[in-house]
Amino acid sequence: MIEIEKAYEAKKYEDKIYEKWESSGAFKPKIDKKKKPFVISMPPPNATGVLHLGHAVMLALEDIMIRYNRMQGTPTLWIPGTDHASIATQNKVEQLLAQKKITKYDLGREEFLKEVDKFVKNSQVNIRNQIRKMGSSCDWTRERYTLDKGLTEAVQQVFVKMYKDDLIYRGSRIVNWCPRCESTLADDEVDYKESGEKLYWIKYGPFTLATTRPETKLGDSAVAVNPKDKRYKDMIGKKYMIKGVLGDFEVVVIGDESVDMEFGSGAVKVTPAHSFADFEMAQRNKSAFKKAGINPIKEIIDEKGRMKDNCGKYAGMTTKECRRAIVEDMKEMGIIEKIEDYTHNLSICYRCGYTIEPLISKQWFVNVDKPVIKDGAKKKSIKEKSIEVVKKGEIEIIPEKFNKTYFNWMENLHDWCISRQIWFGHKIPVWYKMDEKSKKEYEKNPEKNRYLLNDKEAICSIEKPDNKNHYVHDPDTLDTWFSSGLWTFSTLGWPDKTEDFKYFHPTSVLETGYDILFFWVARMIIMTTYTLGEIPFKTVYLHGLIRDKNGKKMSKSAGNGIDPLEMIAKYGTDPVRLSLVIGGTPGNDMCLSEDKIEGYRNFINKIWNASRFALMNVSEEDFKKKFNPSMAKSTADKWILTELNSLVKATNIDMEKYNFSEAGMRIYDFLWNKYCDWYLEISKGDHKNPVVLLHVLKTTLKLLHPFIPFVTEKLWELMEEKNMLISEEWPKEDKKTIFKKEAKDLEEVREIISKIRSLRSELKVEPAKKINAIIYAGKQIKLFEEKREVIIRMARLENLQIEEKGKKIEGAKLITHGSMEVYLPLKDMIDTEKETKRIKEEMAKKENIINSISAKLSNEGFVKNAPKELIAREKEKLAELKSELAKMAQNMV
RNA sequence: GGGCGGUUAGCUCAGUUGGUAGAGCGUCUCGUUGACGUCGAGAAGGUCAGAGGUUCGAAUCCUCUACCGCCCACCA
């Protein structure tokens with residue numbers, strides 16, 4: 001007999017329990033080549049900072065999978081780590097420096113990177129603590145960081161391999177450029193924001209055309225029209241002189257299908273150097289430009305978003321300033337016809353929100369269409385291969401609906417721009433040969449003198465080329481997703497052929513939010529199938545976004561955010577985990593409120609108190625007894641064991657199908673509504689069986705452990721178990737604990753008690769008032785005799801008479817259950833009028849059901865086509881209802 | 001513009017091969033019964049968005065409509 005506190009206090013135990021797990025080595029798998037391991041690479045949080053709910057739900061779900069598999073006896077590995085998140089982190093540090101009025105240029109590259117490292121080290125300490133707070137059972141001895149030496153080597157090796165395969169090339173193309181970050185961005189790193197702008201109608205030689213960006217007129221080289229457009233058809237191929245604010249200039253008219261005849265005047269000015277659509281149009285119409293002798297590319301905006309020197313008096317202005325000035329000048333010249341309000345989508349940087357400036361720049365790209373992966377006689381592009389592994393089912397995406405999204409994205413993938421003009425990140429392993437003079441010149445200002453990097457004299461190599469020539473390292477760093485694309489295998493020691501790599505790769509599950517399916521998941525598939533020729537993971541499980549109570553996105557500005565750490569401090573980790581898992585289905589967003597967390601805190605306390613009761617009722621001696629099915633004595637024992645067995649069975653199915661919410665709910669229901677409300681209550685009477693009481697509880701604790709590891713582990717410890725629960729064996733089905741007859745019997749007792757309770761409540765008989773009851777139990781007389789004490793106590797009876805059968809008892813209320821009858825002599829306690837009304841309503845309800853079932857049974861089609869079992873069940877139900885209805889009439893006063 | 005998804009109790013959502021609907025929270029009534037008031041007992045509450053179709057039978061499958069949401073593309 002053990003006495004514990006009345007309420008569970010999470011704060012007192014959680015940190016200690018975590019420490020105990022970690023120091024015991026339970027998080028570290030033992031490599032056993034006879035067994036297939038279960039592996040998850042934790043999506044590495046950005047090294048920028050604090051844990052939010054997105055991380056919390058990720059950690060909760062992954063820890064559930066990990067603990068479940070570990071308890072199955074599978075060697076289980078969960079690798080934690082952090083991502084350097086180049087742009088995000090660099091921006092963050094720049095912001096911090098800005099508070100001290102320092103820019104990165106003040107510090108210089110080297111010093112700035114030292115600052116970033118300091119910041120990252122600090123963040124990592126926080127992140128580690130926060131991951132621990134969530135109870136995550138990951139293997140810290142294998143923790144990795146994308147800028148680790150080993151991972152950096154992996155990145156360089158893959159780059160070199162791609163370079164040798166001619167998959168990587170350096171080229172001048174139009175790119176998304178963020179003038180604030182002064183870097184390129186990948187297509188999917190661009191966000192769009194609706195913005196109220198102006199549409200300027202400009203007189204343009206023989207045309208009038210509409211534009212939102214009059215300042216780009218300085219870079220125009222053509223006017224495009226739709227070849228089907230009768231108005232302009234004859235002008236295609238001709239050259240025109242256009243009056244401009246800096247004097248006249250020449251354009252050629254090109255015909256392009258993409259021009260919308262309905263929009264504006266149907267004629268578009270073309271600025272290939274500063275618009276994606278225009279760039280593509282120029283490429284499609286190369287010959288027209290050539291014929292006209294016009295160079296399509298006229299660059300007018302620089303990397304800082306300012307007008308270039310070729311823009312005369314506008315040179316040096318930002319594009320915005322230039323627009324204002326140029327519109328004024330155009331007005332003066334009388335070439336502005338009208339200005340309209342216009343709303344459209346502005347492209348902005350996903351990291352800093354600054355307006356994107358498309359411009360032409362020399363960058364490194366990955367060719368996604370070049371056939372390079374050998375597949376039998378054929379060769380496949382990385383894009384094709386990545387589509388194939390999902391199509392063939394080698395990788396399964398949960399929920400399935402994201403397959404389509406994935407294919408759609410992959411199929412439309414363009415060459416991936418991987419170079420970033422960011423200081424923080426993996427340097428591109430390319431070296432440029434230069435003479436001494438150029439090198440000196442270059443090094444004075446690498447940012448500005450990039451043009452000196454001659455890629456015809458470039459060498460791709462991890463080490464600096466070692467000879468007498470002068471070499472300059474490529475100043476750029478790689479897109480952060482390049483390195484995270486290697487995450488599943490770079491963390492396992494690749495390119496070294498380590499034991500870890502050989503044993504644990506490919507990983508089992510990749511669990512993450514659907515919002516980074518493209519950013520990360522798709523890139524891991526690309527990079528891994530290309531580099532290793534194998535998939536990175538077998539299953540992708542995508543969770544949804546966490547929203548607030550009203551389904552709104554949580555954000556700082558809206559003030560509706562919930563801080564997981566604050567909730568943990570208030571309620572404990574277990575409730576936070578449960579509230580993030582229950583009610584969530586893969587791929588769907590989920591609402592979270594503090595109420596919900598509080599509700600699960602109550603559940604945790606319920607478990608604590610159920611255990612408290614059990615511990616108080618189990619003697620020293622009983623503790624030592626090992627449960628076996630023959631110890632089940634009473635009907636209640638057999639019922640709860642049968643229920644437990646089906647719980648175990650259903651839970652296992654749910655866990656295998658990744659239905660964690662269902663699994664959690666089912667265990668919740670079992671513990672609260674079956675174990676506590678019935679079995680435990682019954683146990684307070686004559687039929688106490690401490691061994692079963694404890695066995696059922698302990699099995700339930702095991703099932704709950706992946707969901708709520710802390711409280712279950714604490715209780716396990718209190719039960720004086722030697723092993724920690726984290727390393728216990730997961731419950732299996734045991735057919736010997738199925739007692740069909742007894743389980744059904746107890747359900748009948750439960751039903752009778754519920755019906756008496758319900759009637760008492762309907763008739764407003766106070767709980768304190770004890771009443772008499774007579775049960776005609778028929779064949780079940782023995783069962784009801786056995787359960788006499790339970791019925792009296794739980795239905796709050798004074799006297800209970802149990803007979804096999806008997807006469808009607810006049811004036812007593814009748815409850816029926818099957819062929820059983822229960823009479824409650826309540827004559828004096830009832831409001832007759834209300835009671836008559838109630839009975840009439842109930843009888844009407846019953847009649848309705850009877851009618852619909854009879855209709856069904858007299859329907860030829862139903863009888864012919866429905867399964868026999870169903871028909872039999874319906875018939876039985878009908879008979880029962882009819883007899884109950886007949887008996888109900890007796891209750892009419 | 002292209003694609004995907006949603007619409008079930010007051011709220012948040014389950015519903016697994018089609019067999020007349022479930023949970024949590026909230027609401028109402030009652031209750032200091034030997035673990036728990038972070039509790040217990042009981043109750044009310046739904047034409048499963050609308051219309052049509054397939055079927056003996058539809059929340060579930062098909063078509064259309066309405067409203068909501070997301071992703072992708074981005075038009076000057």
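Proteins come first, then strands; the chains are lettered A, B, ... in the order of their sequence lines, and each starts at number 1.
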Between P of B/A14 and CD1 of A/Ile667, the distance in whole Å: 19 Å
No-hydrogen, no-angle side-chain donor-acceptor test under 3.5 Å, A/Lys269 and A/Thr216: yes
Length of the CD1-C1' vector between A/Ile753 and B/U33, whole Å: 14 Å
Flag, side chain of A/Asp229 to backbone of A/Val225, donor-acceptor distance under 3.5 Å: no
Opposite nucleotide pairing with B/G42, Watson-Crick or G-U, both atom distances under 3.5 Å: B/C28
Sugar-phosphate, base or nothing in reach of A/Arg760, heavy atoms under 4.0 Å: nothing
Selection: residues 856-878 of chain A, any non-hydrogen atom under 4.0 Å of RNA chain B: A/Asn859, A/Gly861, A/Phe862, A/Asn865, A/Ala866, A/Pro867, A/Leu870
Touch class at under 4.0 angstrom, heavy-atom based, for A/Ile853 against every strand present: base
Proximity of A/Phe707 and A/Phe660 rings by center, below 6.0 Å: no
Phosphate contact (B/G24 OP1 or OP2) by A/Tyr668 side-chain N/O below 4.0 Å: no
Protein-nucleotide distance (A/Phe519, atom CZ; B/C72, atom C1'), rounded to Å: 12 Å
Derivation and outcome, salt bridge (Lys or Arg N to Asp or Glu O under 4.0 Å), residues A/Arg760 and A/Glu766: CA-CA 7 Å; A/Arg760 289 180 58 121; A/Glu766 286 169 24; over 6 Å; no
Mutual orientation of the aromatic rings belonging to A/Phe603 and A/Trp672 [parallel < 30°, tilted 30-60°, perpendicular > 60°]: parallel
Length of the OH-C1' vector between A/Tyr192 and B/A73, whole Å: 7 Å
A/Asn848 CG to B/U47 P, straight-line distance once rounded to whole Å: 15 Å
N/O (side chain, A/Ser758) to phosphate O (OP1/OP2, B/A43) under 4.0 Å: yes
Separation between the P atoms of B/U47 and B/U60, rounded to whole Å: 16 Å
Sugar-phosphate, base or nothing in reach of A/Ala277, heavy atoms under 4.0 Å: sugar-phosphate
Residue whose closest nucleotide on RNA chain B lies nearer the 5' end, A/Lys596 versus A/Phe276: A/Lys596
Gap in Å between the two P atoms, one belonging to B/G10 and one to B/G50, rounded: 14 Å
A/Asn588 CG to B/G6 P, straight-line distance once rounded to whole Å: 8 Å
A/Tyr350 ring center near A/Phe519 ring center (under 6.0 Å): yes
Aromatic ring pairing A/Phe518/A/Trp409, orientation class (parallel under 30°, perpendicular over 60°, tilted between): parallel
From CA spacing to verdict: side-chain contact (heavy atoms from CB on, under 4.5 Å), A/His543, A/Met590: CA-CA 9 Å; A/His543 64 250; A/Met590 190 180 58; over 6 Å; no
Complement of B/G1, any strand, by Watson-Crick or G-U distances under 3.5 angstrom: B/C72
Touch class at under 4.0 angstrom, heavy-atom based, for A/Tyr342 against every strand present: sugar-phosphate
Pairing nucleotide - B/A49, Watson-Crick or G-U, each distance under 3.5 Å: B/U65
Sugar-phosphate only, base, or nothing, as touched by A/Asp278 at under 4.0 Å among non-hydrogen atoms: nothing
With A/Arg750 via side chain to side chain donor-acceptor pair (under 3.5 Å) - residues at least two apart: A/Glu747
Centroid-centroid distance, A/Tyr8 to A/Tyr13, less than 6.0 Å: yes
Please tabulate, one pair per line, each protein N/O and nucleotide N/O from nucleotides 35-40 of chain B that are separated by under 3.5 Å, including the distance.
unit_1: B/A35; atom_1: O3'; unit_2: A/Arg612; atom_2: NH1; d: 2.8
unit_1: B/A35; atom_1: O2'; unit_2: A/Asn609; atom_2: OD1; d: 2.5
unit_1: B/A35; atom_1: O2'; unit_2: A/Arg612; atom_2: NH1; d: 2.8
unit_1: B/A35; atom_1: N7; unit_2: A/Lys684; atom_2: NZ; d: 3.1
unit_1: B/A35; atom_1: N6; unit_2: A/Glu681; atom_2: OE2; d: 2.9
unit_1: B/A35; atom_1: N3; unit_2: A/Asn609; atom_2: O; d: 3.3
unit_1: B/C36; atom_1: OP1; unit_2: A/Lys6; atom_2: NZ; d: 3.4
unit_1: B/C36; atom_1: O4'; unit_2: A/Asn609; atom_2: OD1; d: 2.8
unit_1: B/C36; atom_1: O4'; unit_2: A/Asn609; atom_2: ND2; d: 3.4
unit_1: B/C36; atom_1: O2'; unit_2: A/Asn605; atom_2: ND2; d: 3.2
unit_1: B/C36; atom_1: O2; unit_2: A/Lys606; atom_2: NZ; d: 3.0
unit_1: B/C36; atom_1: N3; unit_2: A/Lys606; atom_2: NZ; d: 3.0
unit_1: B/U38; atom_1: O4'; unit_2: A/Asn602; atom_2: OD1; d: 3.0
unit_1: B/U38; atom_1: O2'; unit_2: A/Asn605; atom_2: ND2; d: 3.1
unit_1: B/U38; atom_1: O2; unit_2: A/Arg601; atom_2: NE; d: 3.1
unit_1: B/C39; atom_1: OP1; unit_2: A/Asn602; atom_2: ND2; d: 3.3
unit_1: B/C39; atom_1: O3'; unit_2: A/Lys606; atom_2: NZ; d: 3.2
unit_1: B/G40; atom_1: OP1; unit_2: A/Lys606; atom_2: NZ; d: 3.1
unit_1: B/G40; atom_1: OP1; unit_2: A/Trp672; atom_2: NE1; d: 2.3

Nearest-neighbour nucleotide for the A/Asp260 side chain, B/A44, B/C4, B/C75 considered: B/C75
Distance, nearest 0.5 Å, that separates OG of A/Ser275 from CG of A/Leu359: 12.0 Å
Phosphate contact (B/A14 OP1 or OP2) by A/Thr585 side-chain N/O below 4.0 Å: yes
Phosphate-side-chain proximity, A/Asn345 and B/C75, N/O vs OP1/OP2 below 4.0 Å: no
Proximity to the side chain of A/Ser754 - top-ranked nucleotide from B/G5, B/G42, B/A73: B/G42
Any-strand Watson-Crick or G-U partner of B/U16, both distances under 3.5 Å: none
